[in-house]
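A short write-up of the structure that comes next.
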Amino acid sequence: MKKIYFTLLILGQCVLAQNEVKQDTTKSQELENVFITANRTATLRKETPVAISKLNAKTINEAKATAVYEIINKTPGVLMVNLGNEQHMMSIRQPMTTNAYYLYLEDGLPIRPMGIFNHNALLEINQFNLQSIEVVKGPVSSLYGPEAVGGTINLISIKPPLDPEFKFGVQADNYGYRRIQAAGGATIGKVGFHIAGISSLQENGWMTYSDYNKDNLNARIDYNISPSTRLISNTMYGKYYSDMSGSVNEEAFNNRTYKSTTDFTYRKSDALRTRLTLEHEWNSNSSSYITGYLRDNKLGQNPSYGIKWSPTVNPTTAKGEVNSNNFKSYGAIGQHTQKIEFLNTKIVAGALYDYSPVTYWSYVINLKANLNSGEAGKQTVDSYEIIAEHPDYKLADYSADIFNTAGYAQLSFNPIEKLVITLGGRYDNMKVDYENSLDNSTGNKVYGKMTFKAGVNYNPFDFAGFYGNYSQGFAPPGITSIFRAKPGTGGTTAVPAEFYYNLKPADFDNFEIGGWLSFLQNKLNFDYAFYYMEGKNELLSIKLADNSTDYRSAGETRHKGIEFGASYRPSQQFNFRLGGTYAQHTYIDFKLSDKPSDPVQNLNGKEMPAAPRWSGNSEVSYYPNWLPNLRTSVEWQLVGSYYQDQINTVKYGGYNLFNARIGYQWKSIEVYGNVMNLTDKLYAYNVSRTNITNAQPTYTAAAPRTFVFGIQYNLSLKK
């Protein structure tokens with residue numbers, strides 16, 4: 001029976017990627033204006049009432065990125081924060097955060113099921129298997145469900161080529177990083193395939209205890225049963241292991257003493273995702289698909305962020321944790337798209353079922369904190385040592401079966417020429433059947449929500465268009481936060497944090513207007529978006545006095561800003577790109593304590609920490625006529641100042657960073673070099689501190705100037 005069930009599940013989404021295939025046959029300029037993610041079907045930009053950006057194959061290939069953040073940060077309004085070894089945070093209409101307000105898709109299918117968000121999910125992505133990346137900014141819960149709040153990132157994989165292709169390359173830097181990568185594919189008769197693999201290794205880097213290795217393999221097979229029917233399979237397998245070097249204190253940061261305080265923390269991941277899609281076009285106005293999929297993830301950690309230490313309470317001791325989060329998913333999604341001549345109407349409707357059993361445990365480890373010399377109460381930790389592990393002292397220990405069901409529909413039509421109206425809605429239901437060993441309880445929890453959106457596009461001129469929308473987003477509390485013990489408790493008497501902090505699903509209302517302009521025969525393009533988003537019961541990570549973080553529900557928050565992007569190509573030799581955002585993220589009603597000494601005080605009106613008002617990424621590229629096949633570029637990354645703490649006492653000044661890239665292709669051989677942090681800037685990816693007196697900031701230090709070199713062989717055999 002299990003074999004039959006497994007087979008049925010594997011039968012069946014790659015329709016989004018398939019739509020990408022169809023669009024590749026059109027003119028390149030038209031392709032740049034076609035998006036898939038915002039409407040779950042190929043749609044012209046001028047008919048899409050959301051802020052959306054696309055990174056195409058040319059941008060991805062020229063970046064020669066060692067990690068996905070180097071590519072995604074080229075998107076206006078997006079700041080993907082590097083935490084080292086491909087670990088990351090995100091900031092899209094939110095502060096720099098690890099919270100579950102972003103939806104990560106792989107060819108349109110979520111990488112994680114609802115309720116099991118992981119901010120590091122993109123470390124599982126194979127950079128050598130990307131055809132394009134689409135980023136939707138703002139809530140799209142009406143199509144994709146929970147967690148699609150701040151932004152949705154869809155990583156679209158390479159399709160099988162018509163002609164045989166093969167690529168092989170090696171890449172390395174001056175700090176012990178090296179990677180081997182290979183990809184190839186072809187179409188033979190009715191069958192097309194593409195396989196891509198990478199193997200990355202970091203040893204003896206600029207930061208002590210920062211080694212990692214990653215191996216990924218992606219395989220896709222397309223079977224064209226007939227001109228109107230296709231069967232598409234897509235499988236990914238990846239293994240990852242990383243030391244977690246953690247942060248450094250202020251003195252070490254300023255002296256560039258990049259010494260980890262731990263030599264025992266780690267993160268490891270073992271991930272499998274596979275799917276099968278059956279896609280059929282009934283006629284030129286009607287198409288359907290059904291997808292069955294399987295996920296199998298194992299994530300284990302002894303995390304550096306789990307270390308709890310206070311410089312005043314008992315400075316020579318600390319606590320850490322070891323945890324494991326394992327889940328599987330069995331699911332199916334089906335969708336139908338129908339076009340109707342009346343008012344040029346398009347209807348998209350679908351349904352989802354997902355069953356994800358999960359187990360999670362976490363236990364305490366006791367640590368010795370070795371302090372630097374200095375005044376008592378102001379000392380910082382030089383290193384930690386494990387004294388004892390306590391598997392019986394649990395912070396969490398549960399198993400759960402998560403059942404996600406959803407139905408969605410979207411309608412778009414033209415009531416008058418040049419005006420497009422879009423209406424959509426989705427209902428999600430998440431049921432959790434659980435067994436919680438912390439309090440020996442069993443039961444179930446149900447989170448259900450209906451979300452809507454309404455948008456309009458008006459394109460009065462060939463060179464300009466405008467849009468406006470109202471959209472809703474929501475995110476239930478992750479089950480780890482529900483069943484995790486209240487800080488300071490543990491063992492068999494521990495009570496889950498939910499009963500202390502009344503964690504609730506977070507709801508968001510987003511209002512935005514925007515548009516695009518194109519001049520000089522499409523040589524100069526500009527797009528912009530103004531947004532205002534209110535959050536209720538927003539789940540936030542709050543910094544506590546022992547340097548740990550806790551997950552709590554805010555009463556009300558506000559996020560507002562402007563996103564803008566521009567590109568100018570005066571000739572074939574030059575290309576200028578400018579992108580950025582100005583934003584404010586504020587606590588409106590968030591008060592958990594009346595005690596002035598409590599680090600979690602009345603935060604009403606305070607700016608959220610780790611929320612730079614200004615951020616942006618711009619680039620100048622030069623392709624000289626005097627030496628064809630040579631490319632050069634200089635990139636500027638801006639991150640403005642932001643508060644380090646939640647009560648707004650001190651700021652980090654931010655940074656301006658420059659990167660340079662050069663590459664040359666001779667016949668089938670491509671050689672390239674990147675200089676990351678061109679000016680050898682001293683900066684940190686993230687700076688935070690607690691709110692207690694004399695609290696010391698902790699710095700997630702960024703790499704010094706790094707030289708990346710690579711060579712790649714590209715073979716294409718035309719039939």
Side-chain angles (χ1 to χ4, degrees), residues 10 13-14 17 60 64-72 80 82-88 90 102-113 116-131 133 153-159 167-171 177-185 193-203 210-221 233-244 266-276 293-301 303 323-331 356 358:
I10 298 304
Q13 182 163 26
C14 244
I60 294 171
K64 303 300 183 191
T66 57
V68 176
Y69 81 91
E70 296 176 24
I71 307 170
I72 290 179
M80 184 175 176
N82 176 27
L83 297 179
N85 293 355
E86 303 193 42
Q87 301 163 107
H88 56 87
M90 190 65 72
Y102 306 105
L103 185 62
Y104 301 131
L105 307 174
E106 191 175 46
D107 292 321
L109 190 68
I111 293 176
R112 293 284 192 279
I116 313 180
F117 175 82
N118 188 288
H119 67 93
N120 281 309
L122 295 185
L123 64 78
E124 298 172 7
I125 295 300
N126 181 350
Q127 302 94 304
F128 209 53
N129 192 51
L130 295 176
Q131 173 67 31
I133 301 174
I153 297 178
N154 190 11
L155 300 113
I156 300 171
S157 60
I158 296 175
K159 66 185 185 300
K167 298 187 295 183
F168 175 80
V170 294
Q171 186 170 312
Y177 174 84
R178 49 194 182 273
R179 186 171 84 194
I180 300 174
Q181 52 200 19
F193 69 92
H194 183 267
I195 300 173
I198 62 170
S199 181
S200 304
L201 180 65
Q202 169 72 63
E203 292 182 311
S210 61
D211 293 356
Y212 92 104
N213 59 273
K214 168 181 168 178
D215 299 295
N216 274 68
L217 182 66
N218 293 73
R220 171 172 167 167
I221 301 174
S233 73
N234 214 328
T235 300
M236 169 272 177
Y237 178 69
K239 291 181 71 68
Y240 173 92
Y241 182 91
S242 176
D243 299 336
M244 291 185 69
Y266 65 86
R267 171 175 285 125
K268 58 183 179 180
S269 171
D270 194 329
L272 169 69
R273 292 188 293 273
T274 185
R275 73 186 89 177
L276 191 63
Y293 60 86
L294 167 72
R295 308 183 188 100
D296 189 353
N297 271 67
K298 300 177 181 65
L299 180 65
Q301 302 181 102
N323 63 54
S324 176
N325 189 5
N326 305 323
F327 72 88
K328 293 184 179 181
S329 294
Y330 311 92
S356 297
V358 57

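Just so it is clear, the structure is predicted and the values come from calculations on it, not from any experiment. Note: hydrogens, waters and symmetry copies are ignored here, and every other heavy atom, side chains too, is used.
Note on Glu70 versus Lys64: no salt bridge recorded, every NZ/NE/NH1/NH2 to OD/OE distance being 4.0 Å or above.
Using a 4.5 Å heavy-atom threshold, the side chains of Ile111 and Leu122 count as touching. Between Ser324 and Asn326, some side-chain heavy-atom pair lies under the 4.5 Å cut-off. The side-chain heavy atoms of Glu106 and Asn218, taken from C-beta on, include a pair separated by under 4.5 Å. Using a 4.5 Å heavy-atom threshold, the side chains of Asp107 and Arg275 count as touching. In this structure, Tyr330 and Leu294 have side chains that are in contact, with non-hydrogen atoms separated by less than 4.5 Å. Considering only heavy atoms from C-beta on, Leu105 comes within 4.5 Å of Leu103 through its side chain. By the 4.5 Å heavy-atom criterion applied to side chains, Asn129 and Ile195 are not counted as neighbours. Side-chain atoms of Tyr102 and Met90, non-hydrogen and from C-beta on, do get closer than 4.5 Å to each other.
Here CZ of Phe168 is found 8.5 Å from CD of Gln181. Values are rounded to the nearest 0.5 Å. Annotation: the span from Tyr69 atom OH to Asn82 atom CG amounts to 4.0 Å, rounded to 0.5 Å. Here the CD1 atom belonging to Ile60 is positioned 7.5 Å from the CD atom belonging to Gln131, to the nearest 0.5 angstrom. Atom CD of Gln301 sits about 10.5 Å away from atom OG of Ser242, to the nearest 0.5 Å. In this structure, Thr235 OG1 and Leu272 CG are separated by 7.0 Å, a value rounded to the nearest 0.5 Å. With values rounded to the nearest 0.5 angstrom, Arg179 atom CZ is found 7.5 Å from Phe128 atom CZ.
Partners of Gln87 under the side-chain hydrogen bond (donor to acceptor under 3.5 Å, both in side chains) rule, at least two apart in sequence or in another chain, are Arg267.
Taking all atoms of both residues into account, the shortest heavy-atom contact from Asn118 to Tyr104 is O-CE1, 4.3 Å. Met244 approaches Pro303 most closely through the heavy-atom pair SD-CA, 3.7 Å. The shortest non-hydrogen separation linking Ser200 to Asp215 is N-OD1, 4.5 Å. The minimum heavy-atom distance between Asn234 and Ser157, with the atom names listed, is ND2-OG, 3.5 Å. Taking both residues in full, the closest heavy atoms of Gln127 and Ile125 are given as OE1-O, 3.2 Å, listed atom of the first, atom of the second, then distance. For His88 against Ala121, the heavy-atom pair with the smallest separation is NE2-N, 3.8 Å.
Under the 3.5 Å distance criterion, with hydrogens and angles disregarded, no donor-acceptor pair is assigned to the side chains of Ser210 and Asp243. If you check the side chains of Glu124 and Asn297, you find a donor sitting under 3.5 Å from an acceptor. Asp270 and Tyr237 share a donor-acceptor pair across their side chains, judged by distance under 3.5 Å alone.
Aromatic ring pairs are classed by plane angle as parallel below 30°, tilted from 30° to 60° and perpendicular above 60°; the pair Tyr212 and Tyr240 is tilted.
For Lys298, the NZ atom is densely surrounded, since the number of other residues' heavy atoms within 6.0 Å is greater than 12. A 6.0 Å sphere centred on CD1 of Ile180 holds no more than 12 heavy atoms belonging to other residues, nucleotides or ligands.
Side chain of Arg295 to main chain of Pro110: a donor-acceptor pair is present (N/O by atom type, distance under 3.5 Å, no hydrogens or angles).
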**Message:** Run the side chain to side chain contact (heavy atoms under 4.5 Å, CB included) test on Asn126 and Met236 for me, step by step, so that the C-alpha distance in whole Å, both residues' side-chain angles and the decisive distance to 0.1 Å come before the verdict.
**Reply:** CA-CA 9 Å; Asn126 181 350; Met236 169 272 177; over 6 Å; no

**Asked** Lys159 and Arg220: side chain to side chain contact (heavy atoms under 4.5 Å, CB included), yes or no, with the steps?
**Response** CA-CA 7 Å; Lys159 66 185 185 300; Arg220 171 172 167 167; 4.2 Å; yes

